[in-house]
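Notes to accompany the following structure.
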Amino acid sequence: MATFGNLSDRLAETFKNLRTKGKLSAADVDGTVREIRRALLDADVSLDVVKQFTSHVRERALGDEVNKALNPAQQVVQIVNDELVAILGGQQRRLQFAKNPPTVIMLAGLQGAGKTTLAGKLAKHLVKEGHTPMLVASDLQRPNAVNQLQVVGQQAGVPVFAPEPGNGVGDPVKVAKSGVEQARRAQHDVVIIDTAGRLGVDAEMMKQASNIRKATNPDEVLFVIDAMIGQDAVTTAKAFQDGVDFTGVVLSKLDGDARGGAALSVASVTGRPIIFASTGEGLDDFEAFHPDRMASRILD
Ligand code: GDP
């Protein structure tokens with residue numbers, strides 16, 4: 001994955017140096033941990049996450065499991081792998097569906113994060129799995145957002161509920177609420193609400209998102225974060241956690257070549273699972289997020 005190419009290369013180099021050794025001394029472990037620390041920081045992984053990560057790796061690498069291993073270097077790689085899986089959230093977390101449909105999924109995140117595109121991707125994915133989703137256009141901030149949602153809805157083959165006289169022109173909370181009611185009436189089993197973002201965290205936007213959350217009582221609130229925004233990923237995620245208490249994370253633009261480490265820190269910093277990854281502009285450039293597979297890709 002391009003986003004983590006540099007991190008992968010750096011870790012591979014570190015492990016290559018380690019492989020030439022037989023038994024590992026404390027100095028070998030310290031040197032390796034230092035290199036891992038630098039590689040993670042250079043990839044923009046947040047400092048707190050790096051500290052926690054390296055202290056776990058160091059502790060385990062100095063312990064018996066490595067000391068007694070036939071191949072200590074390989075054992076260290078395994079430990080780094082385990083710890084990467086842990087910061088990425090451990091187990092895979094699937095989308096949660098409501099017992100009584102429709103399942104309400106609200107999307108939140110900054111403008112340009114990839115929410116509208118994700119709405120189309122998720123809808124298409126759900127259709128393939130036998131669901132009957134409907135999209136709701138509650139992003140009334142960006143002039144073209146409603147139209148853009150209609151386009152992705154058409155591509156995904158799902159209906160789009162847009163503001164009209166009677167269901168809340170100019171009022172995103174009313175549109176969201178009417179959209180969920182409409183989905184229930186028309187027996188759609190999933191309703192995906194696209195909401196407005198701003199270029200930066202903004203009190204008014206957050207209030208609006210929070211009001212949409214209260215009005216629609218979603219089963220999932222997915223926070224969409226652009227992996228390319230670098231260091232800001234963590235502070236943005238914390239602001240959205242305070243503002244809308246999201247239930248899961250979607251990492252978008254993992255196909256980019258920016259350092260994506262900050263996005264990797266989001267699960268660890270917020271304690272919320274990463275559920276999907278977005279890897280391109282097309283509706284099929286989308287996958288369920290598996291912490292173990294992502295760790296393997298990084299360590300490949
Ligand atoms: P929104 O403002 O959050 O609704 O963001 P959009 O869905 O409009 O996406 C902003 C831009 O990013 C658009 O040009 C999308 O085509 C693009 N985009 C969205 N997701 C991805 C992705 O995973 N990879 C890439 N390369 N571009 C993406």
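Hydrophobic cluster membership is shared by Val269 and Leu110, with clusters built from Ile, Leu, Val, Met, Phe, Trp and Tyr side chains linked at under 4.5 angstrom. Both Leu47 and Leu88 are part of a single hydrophobic cluster, where members link through side-chain heavy atoms under 4.5 Å apart. Note on Val180 and Leu140: same hydrophobic cluster, where clusters join Ile, Leu, Val, Met, Phe, Trp and Tyr whose side-chain heavy atoms are under 4.5 Å apart, directly or indirectly. At a threshold of 4.5 Å between side-chain heavy atoms, the hydrophobic network of Ile, Leu, Val, Met, Phe, Trp and Tyr places Val50 and Val57 in one connected group. Under the 4.5 Å side-chain contact rule for hydrophobic residues, Val80 and Leu41 share a cluster.
Grouping Ile, Leu, Val, Met, Phe, Trp and Tyr by side-chain contacts under 4.5 Å, direct or through others, leaves Leu70 on its own. Other cluster members for Leu149: Leu95, Phe97, Ile105, Leu107, Leu118, Leu122, Leu126, Val127, Leu135, Val152, Val158, Val160, Val190, Ile192, Leu222, Val224, Val250, Ile275, Phe276, Leu283, Phe286, joined by side-chain heavy-atom distances under 4.5 Å among Ile, Leu, Val, Met, Phe, Trp and Tyr.
Partners of Arg19 according to the side chain to side chain donor-acceptor pair (under 3.5 Å) rule, which considers only residues two or more places apart in sequence or in another chain, do not exist here. In this structure, the side chain to side chain donor-acceptor pair (under 3.5 Å) partners of Asp202, at least two apart in sequence or on a different chain, are Arg198. Every residue two or more places apart in sequence or in another chain was checked for a salt bridge (charged side-chain N to carboxylate O under 4.0 Å, His left out) with Arg37, and none qualifies. Listed by chain and residue number, nothing satisfies the salt bridge (charged side-chain N to carboxylate O under 4.0 Å, His left out) test with Asp300 (two or more places apart in sequence, or in another chain). For the side chain to side chain donor-acceptor pair (under 3.5 Å) test, residues two or more places apart in sequence or in another chain that qualify with Asp284 are Lys124.
Annotation for Ser210 and Gly243: closest pair CB-O, 3.6 Å, computed over non-hydrogen atoms. For Ala73 against Leu18, the heavy-atom pair with the smallest separation is CB-O, 3.8 Å.
Between the side chains of Thr279 and Asp255, no donor-acceptor pair of N or O atoms lies under 3.5 Å. With hydrogens and angles left out, the side-chain atoms of Asp9 and Asn6 include no donor and acceptor closer than 3.5 Å.
Here Arg93 pairs with Glu220 in a salt bridge; the nearest charged N to carboxylate O distance falls below 4.0 Å. Salt-bridge check for Glu35 with Arg10: failed, with every basic side-chain N at 4.0 Å or more from each acidic carboxylate O. Residues Arg297 and Glu287 are paired through a salt bridge, judged by an N-O separation under 4.0 Å between the basic side chain and the carboxylate.
Atoms CG and OG1, on Leu40 and Thr54 in that order, are 7.5 Å from each other to the nearest 0.5 Å. A distance of 12.0 Å separates OG of Ser55 from CZ of Arg60, quoted to the nearest 0.5 Å. Rounding to the nearest 0.5 angstrom, the gap separating the NZ atom in Lys238 from the OG1 atom in Thr235 is 8.0 Å. Atom CD of residue Glu59 and atom CD of residue Glu83 lie 9.0 Å apart, to the nearest 0.5 angstrom. Leu62 CG to Asp30 CG: the interatomic distance, rounded to the nearest 0.5 Å, is 6.5 Å.
For residues 262-276, every residue pair satisfying the side-chain hydrogen bond (donor to acceptor under 3.5 Å, both in side chains) rule, not counting sequence neighbours, is listed here: Asp245-Arg272. Here ring pair (Phe, Tyr, Trp, His ring centres under 6.0 Å) pairs that include residues 186-227, with residues two or more places apart or in two chains, are Phe223-Phe240, Phe223-Phe246. Applying the side-chain hydrogen bond (donor to acceptor under 3.5 Å, both in side chains) test to pairs two or more places apart or on separate chains, those with a residue in residues 96-117 are Thr116-Arg142, Thr116-Asp194. Under the ring pair (Phe, Tyr, Trp, His ring centres under 6.0 Å) criterion, no residue pair touches residues 35-64, with sequence neighbours excluded. Residue pairs meeting the ring pair (Phe, Tyr, Trp, His ring centres under 6.0 Å) criterion with at least one partner in residues 145-184, sequence neighbours excluded, do not occur; the list is empty.
In this structure a side-chain-to-backbone donor-acceptor pair under 3.5 Å is missing from Asp139 to Ala145. Between the side chain of Asp232 and the backbone N or O of Ile229 there is no donor-acceptor pair closer than 3.5 Å. For the pair Asn144 (side chain) and Asn147 (backbone), a donor-acceptor distance under 3.5 Å is absent. One N or O on the side chain of Asn71 and one on the backbone of Gln74 form a donor-acceptor pair closer than 3.5 Å. Formation of a donor-acceptor pair under 3.5 Å by the Thr14 side chain with backbone atoms of Ile36 is not found in this model.
The number of heavy atoms from other shown groups lying within 6.0 Å of CD (Glu129) is above 12.
Counting heavy atoms from C-beta outward, Val266 and Ile274 have side chains that stay 4.5 Å or more apart.
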* Let me see the working for Lys16 and Glu13 under salt bridge (charged side-chain N to carboxylate O under 4.0 Å, His left out), right down to the final yes or no. => CA-CA 5 Å; Lys16 202 170 87 197; Glu13 189 63 26; 3.6 Å; yes
